[in-house]
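Heads up: the structure comes next, in structure tokens.
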Amino acid sequence: MIKFALFVPIILSYIIIMNREKSIIQVSIVGIVTNIILVGLKMLVGVIAGSIAIILDAVNNLTDILSSVVTIVGAKFASKQPDAGHPYGHGRSEYISALMVGLIILFTGLMALLEALPKMFHPELAGYSWATIVVVILAIFTKLALGIYARQSGKRYNSSSLAASGIDALFDALISLATLVGIIVTMLFQISIDGLLGVIISLFIMRTSAEIILQATGDILGRTADRGLMQKIKAEICEFAGVKNAYDLMLHNYGPADLIGSVQIEVPDHMTAKEIHRLILKISNRIYAKFGIMLTISIYAESVDQPEKREMKEFLTKLLKNYPEVHQMHGFYVDDEENLVTFDLVISERFSEKVKRNIIRAMQKEYPGYKYFVTLDPDFGDL
């Protein structure tokens with residue numbers, strides 16, 4: 001029974017990953033089919049009308065097809081099970097696919113700009129018709145619906161590449177709207193702003209690509225985990241009897257759906273190994289069941305049951321208020337056998353060794369006879 005229980009998280013993870021992969025692929029296929037239809041219609045009316053703006057709009061939709069293909073490949077690769085070379089899975093490959101989508105869009109924007117610039121300085125009057133207007137209006141509403149669908153799906157399945165495709169589709173709707181304005185201006189006033197619209201469209205495309213590339217690059221490099229999620233996890237842990245507090249919560253992102261974490265909990269120093277073992281097992285199981293996160297838990301022992309020790313901790317707490325470089329103190333423990341006082345400080349970038357020495361010096365002056373060991377922690381975002 002115990003061995004089976006150990007495999008339950010792995011089995012659940014596999015089911016969740018497979019369902020997520022299937023959903024992402026389905027959304028991407030919808031995007032591919034929709035864009036194929038739009039490319040055909042726009043190319044047809046663009047060539048007939050001789051409009052560079054509509055042709056560039058069609059080319060932009062053509063790259064959307066490639067983006068959706070990249071998204072599918074990324075989702076398939078990200079769903080691969082961990083292996084000896086990649087023990088934490090392949091989830092981060094989705095960030096790479098999002099980066100590739102951004103680069104594809106950037107290339108499209110640059111090519112579009114090079115094509116549109118000459119048309120802006122040497123405009124040619126395009127031959128638009130009401131059929132052209134109908135096609136562009138249809139494209140606007142289609143891309144708007146597709147963008148909302150893909151973006152919401154990206155949020156639902158936590159897929160950065162899918163969300164990027166959704167944002168791109170929404171920008172496409174805006175681009176098509178600009179194209180429609182240009183068509184109406186040309187038909188009413190016989191003025192060609194086709195080249196200007198082409199430049200504007202290409203700049204919009206490049207702006208979108210820059211946002212996607214920056215987002216994907218940040219995900220690859222690693223971001224601070226969502227503070228709201230960390231606070232929820234911390235609150236959940238602190239509900240357990242025996243847990244005084246939780247500190248140093250870290251969440252490591254190995255893909256949009258793969259989070260592994262670690263945390264240190266503070267418990268009374270009189271708890272036995274058996275009691276601590278049971279407590280850790282209960283916490284880790286609940287966190288996985290509620291958040292889908294495998295959490296490694298380590299221990300801080302609390303030793304403020306005696307008045308003198310409580311007094312020492314209160315003195316240190318007041319002392320640290322003089323140092324804005326210190327965000328938090330935790331893990332305070334007094335070892336009478338070793339005459340050793342240990343505690344952790346969560347610090348800012350302004351913290352220096354001089355501040356640390358001043359804190360230790362003040363403690364030694366107030367409570368001589370003890371050695372002091374201070375661990376410096378960065379702000380992991382769980383305060």
Side-chain angles (χ1 to χ4, degrees), residues 30-68 101-102 104-117 119-120 123-154 162-212:
V30 170
I32 290 172
V33 173
T34 303
N35 281 304
I36 287 174
I37 295 171
L38 289 176
V39 168
L41 289 173
K42 288 181 181 179
M43 277 292 185
L44 180 63
V45 298
V47 171
I48 292 173
S51 169
I52 184 64
I54 296 179
I55 292 173
L56 288 179
D57 202 356
V59 172
N60 185 37
N61 292 153
L62 190 63
T63 61
D64 293 342
I65 296 172
L66 182 57
S67 298
S68 294
V101 169
I104 290 168
I105 296 171
L106 177 62
F107 178 77
T108 304
L110 287 171
M111 293 298 100
L113 183 62
L114 293 175
E115 186 71 25
L117 278 173
K119 296 285 185 179
M120 186 175 70
E124 296 178 4
L125 206 61
Y128 296 118
S129 64
W130 287 106
T132 308
I133 292 178
V134 171
V135 170
V136 175
I137 291 175
L138 177 65
I140 291 170
F141 284 102
T142 302
K143 293 298 284 190
L144 188 63
L146 182 63
I148 294 171
Y149 173 57
R151 191 176 183 187
Q152 288 180 344
S153 298
L162 203 57
S165 297
I167 293 171
D168 186 33
L170 291 174
F171 269 108
D172 289 345
L174 185 62
I175 290 168
S176 295
L177 179 61
T179 304
L180 178 63
V181 171
I183 292 171
I184 294 172
V185 168
T186 300
M187 293 181 70
L188 291 177
F189 303 103
Q190 295 299 301
I191 300 173
S192 176
I193 58 172
D194 211 37
L196 176 62
L197 285 174
V199 171
I200 294 172
I201 289 170
S202 62
L203 292 176
F204 263 109
I205 293 171
M206 287 189 287
R207 179 180 178 273
T208 305
S209 70
E211 292 176 352
I212 294 171

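Residue numbers count from 1 along this sequence. These numbers come from the heavy atoms of this one structure, side chains and all, not from hydrogens, waters or symmetry mates.
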Checking V199 against L203 for the side chain to side chain contact (heavy atoms under 4.5 Å, CB included) test, could you report, in this order, the C-alpha distance in whole Å, the side-chain angles of both residues, the deciding distance, and whether it holds?
CA-CA 6 Å; V199 171; L203 292 176; 4.1 Å; yes
Do you know the tightest heavy-atom contact between [X] and [Y]?
X    : Y    : result
G166 : A150 : CA-CB, 3.5 Å
G147 : A169 : CA-CB, 3.5 Å
I148 : L170 : N-CD2, 3.9 Å

Report, one line per pair, each donor and acceptor closer than 3.5 Å where one atom sits in a side chain of residues 30-50; sequence neighbours left out.
residue: T34; atom: OG1; partner: V30; partner atom: O; Å: 2.8
residue: N35; atom: OD1; partner: K143; partner atom: NZ; Å: 2.6
residue: N35; atom: ND2; partner: G31; partner atom: O; Å: 2.8
residue: K42; atom: NZ; partner: D57; partner atom: OD1; Å: 3.2
residue: K42; atom: NZ; partner: D57; partner atom: OD2; Å: 3.3
residue: K42; atom: NZ; partner: N61; partner atom: OD1; Å: 2.7
residue: K42; atom: NZ; partner: S176; partner atom: OG; Å: 3.3

Any heavy-atom pair between the side chains of T142 and L138 that's under 4.5 Å?
yes
Atom pair CZ (F141) and CG (L146), whose distance is rounded to the nearest 0.5 Å
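Nearest 0.5 Å value for the CZ-CG distance: 15.0 Å.
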Quick check for you: to the nearest 0.5 Å, what is the distance between L180 atom CG and I184 atom CD1?
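Rounded to the nearest 0.5 Å, the CG-CD1 separation comes out at 4.0 Å.
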Does a sphere of radius 6.0 Å around OH in Y149 hold more than 12 heavy atoms from other residues, nucleotides or ligands, not counting ones at 6.0 Å or beyond?
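Enclosed: over 12 neighbouring heavy atoms sit under 6.0 Å from OH of Y149.
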Test of understanding: with side chain to side chain contact (heavy atoms under 4.5 Å, CB included), list the residues that count as partners of E211, not counting sequence neighbours.
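Listed in chain order: F171, R207.
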